[in-house]
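Worksheet: the structure to be examined is printed underneath.
Side-chain atoms are counted along with the backbone in the values below, which use heavy atoms only and exclude waters and symmetry mates. Just so you know, residue 1 is the first one in the sequence shown, and it goes up from there.
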Amino acid sequence: MVQQVTSRNSRFQQWSSLLTNRNKRQRAREFLVQGVRPVTVAVERGWPVRVLIHTTRRPLSRWAEGILREVRAERVAMDPALLAELGGKDESAPELVAVVEMPEDDLSRIALSPAGLSRTAASRTDPFLGVLFDRPSGPGNIGTVIRSADAFGADGVIVTGHAADVYDPKSVRASTGSLFALPTVRVPSHREVVAWLERHRERGAPVALVGTDEEGETDLFDFDLTGPVLLLVGNETKGLSAAWRELCDHTVRIPMAGSASSLNAAGATAAVLYEVSRQRLAARRGGAGTE
């Protein structure tokens, strides 16, 4: 049976609050997913979909019909004008918006072997690569960092401290589906990460904490990033906290030209991740050439 929603009733207001109210998202343990690719990746990666809200306007596309046919979830048909509000579009309603269950913030979701190697299916023999974003203030930046981390083969993203929400619609949209492909975990402070990292180090995983800073001790291109690394990225305006600066094993800076003194957090993260990928690819090719 498909429920019909044609007014701003209590259910509509509940879903609408997920767009703007972080506390309600957290209490409900659910968030909205908008857009063809994010919804598709969420489904492909097996995230629990609680509700599929689709437009009452027909016909639906083959994509929307396929999602509704294949995903076992409550179905709700909504007036297009109301669905446009949930979809974040001013001019027209999306075909489909998903209400998805929020996973637990457990660092064990980020896989790391005792040897410090990645345990992902795609690159199980590569050294571990994680990204930690310290106190980000912009949800769009969080999503962009997740997208870059996914693109360059990272094993997970950690968001620490008093920060914007990973499950804010702006973050979810900016990740373009990568949020559902890459484990992303929120933790209150550096303490939880240090304890998690120490447990892995005691088991033999030699993970280095490498901070990014415009006054870093070494130019990025001169630093060896081929080993297991947790890359630390600071707040957009204040950089890394004092606690994280003290915990860094190394700090690197991106050489700059022109009048710009620095890149924004998301841009800097993409640049560093590209250099990590470049160095590791060169190391693999060099090793293959010597065999």
Beyond-backbone contact of [X] with [Y], side-chain heavy atoms, under 4.5 angstrom:
{"X": "Val185", "Y": "Ile110", "value": "yes"}
{"X": "Asn235", "Y": "Pro136", "value": "no"}
{"X": "Leu68", "Y": "Arg75", "value": "yes"}
{"X": "Trp196", "Y": "Val187", "value": "no"}
{"X": "Leu96", "Y": "Ile53", "value": "no"}
{"X": "Trp47", "Y": "Val41", "value": "no"}
{"X": "Val49", "Y": "Val99", "value": "no"}
{"X": "Pro206", "Y": "Phe128", "value": "no"}

Item to complete: Look at the aromatic rings of Phe180 and Phe31 and report parallel, tilted or perpendicular, splitting at 30° and 60°.
Response: parallel
Are more than 12 heavy atoms from other residues, nucleotides or ligands located less than 6.0 Å from atom [atom1] of [X]?
{"X": "Arg29", "atom1": "CZ", "result": "yes"}
{"X": "Arg57", "atom1": "CZ", "result": "no"}
{"X": "Glu215", "atom1": "CD", "result": "no"}
{"X": "Arg147", "atom1": "CZ", "result": "no"}

If you measure from [atom1] on [X] to [atom2] on [Y], what distance do you get to the nearest 0.5 Å?
{"X": "His200", "Y": "Leu230", "atom1": "NE2", "atom2": "CG", "value": "11.0 Å"}
{"X": "Asn264", "Y": "Thr269", "atom1": "CG", "atom2": "OG1", "value": "8.5 Å"}
{"X": "Arg22", "Y": "Asp165", "atom1": "CZ", "atom2": "CG", "value": "4.0 Å"}
{"X": "Ile158", "Y": "Arg109", "atom1": "CD1", "atom2": "CZ", "value": "11.0 Å"}
{"X": "Thr226", "Y": "Arg278", "atom1": "OG1", "atom2": "CZ", "value": "11.0 Å"}
{"X": "Thr55", "Y": "Glu95", "atom1": "OG1", "atom2": "CD", "value": "8.0 Å"}

Would you say the side-chain atoms of [X] pair up with the backbone N or O of [Y], donor to acceptor, closer than 3.5 Å?
{"X": "Glu246", "Y": "Ala243", "answer": "no"}
{"X": "Thr6", "Y": "Asp79", "answer": "no"}
{"X": "Ser178", "Y": "Ala181", "answer": "no"}
{"X": "Arg135", "Y": "Gly239", "answer": "yes"}
{"X": "Asp168", "Y": "Pro139", "answer": "no"}

Fill in: Trace of the side-chain contact (heavy atoms from CB on, under 4.5 Å) decision for Thr212 with Leu231
CA-CA 7 Å; Thr212 58; Leu231 177 68; 3.5 Å; yes
Out of curiosity, does [Y] fall in the hydrophobic cluster containing [X] (side-chain heavy atoms, cut-off under 4.5 Å, transitive links)?
{"X": "Val39", "Y": "Val2", "answer": "no"}
{"X": "Tyr274", "Y": "Phe133", "answer": "yes"}
{"X": "Leu281", "Y": "Phe221", "answer": "no"}

Worksheet entry | Intermediate values then yes/no, side chain to side chain donor-acceptor pair (under 3.5 Å), Arg186 and Gln26 | CA-CA 12 Å; Arg186 304 168 297 178; Gln26 194 61 35; 2.9 Å; yes
Applying side-chain hydrogen bond (donor to acceptor under 3.5 Å, both in side chains), can you list everything that pairs with [X], at least two apart in sequence or on another chain?
{"X": "Ser171", "result": "none"}
{"X": "Glu236", "result": "Ser137, Asn141"}
{"X": "Glu101", "result": "none"}
{"X": "Ser108", "result": "Asp106"}

Worksheet entry | CA sep, side-chain torsions, deciding dist, call: Leu83, Val97, side-chain contact (heavy atoms from CB on, under 4.5 Å) | CA-CA 8 Å; Leu83 189 54; Val97 170; 3.9 Å; yes
Which heavy atom of [X] sits nearest a heavy atom of [Y], and at what distance?
{"X": "Val166", "Y": "Ile146", "result": "CG1-CD1, 4.4 Å"}
{"X": "Leu52", "Y": "Ala73", "result": "CG-CB, 4.3 Å"}
{"X": "Gly140", "Y": "Ala174", "result": "O-CB, 3.5 Å"}
{"X": "Ser277", "Y": "Phe152", "result": "CB-CD2, 3.9 Å"}
{"X": "Asp105", "Y": "Thr184", "result": "OD1-O, 4.4 Å"}
{"X": "Ile254", "Y": "Ala271", "result": "CD1-CB, 4.0 Å"}

Worksheet item: Which residues satisfy the side-chain contact (heavy atoms from CB on, under 4.5 Å) test with Arg8, sequence neighbours excluded?
Response: Phe12, Leu82, Glu85
Are [X] and [Y] within salt-bridge range, i.e. N to O under 4.0 Å?
{"X": "Asp126", "Y": "Arg280", "value": "no"}
{"X": "Arg58", "Y": "Glu65", "value": "yes"}
{"X": "Asp213", "Y": "Arg253", "value": "no"}
{"X": "Arg201", "Y": "Asp249", "value": "yes"}

Practice prompt. Take Gln34 and Arg173 through the side chain to side chain donor-acceptor pair (under 3.5 Å) test and state the conclusion after the steps.
Written response: CA-CA 7 Å; Gln34 310 152 323; Arg173 284 197 301 270; 2.6 Å; yes
Practice prompt. Could you walk me through whether Ser148 and Asp150 pass the side chain to side chain donor-acceptor pair (under 3.5 Å) test, one step at a time?
Written response: CA-CA 5 Å; Ser148 295; Asp150 184 25; over 6 Å; no
Worksheet item: What's the verdict on side-chain contact (heavy atoms from CB on, under 4.5 Å) for Glu30 and Arg50, showing C-alpha distance, side-chain angles and the deciding distance?
Response: CA-CA 8 Å; Glu30 62 187 23; Arg50 292 181 174 176; 2.8 Å; yes
Item to complete: I would like to know whether Glu74 and Arg11 meet salt bridge (charged side-chain N to carboxylate O under 4.0 Å, His left out); could you show each step before the answer?
Response: CA-CA 13 Å; Glu74 179 185 358; Arg11 294 209 77 189; 2.5 Å; yes
Worksheet entry | Worked verdict on His54 versus Leu60 for side-chain contact (heavy atoms from CB on, under 4.5 Å) | CA-CA 9 Å; His54 61 89; Leu60 295 175; 4.3 Å; yes
Discussion item. Restricting to ring pair (Phe, Tyr, Trp, His ring centres under 6.0 Å), what partner residues turn up for Phe223, sequence neighbours left out?
Written reply: His250
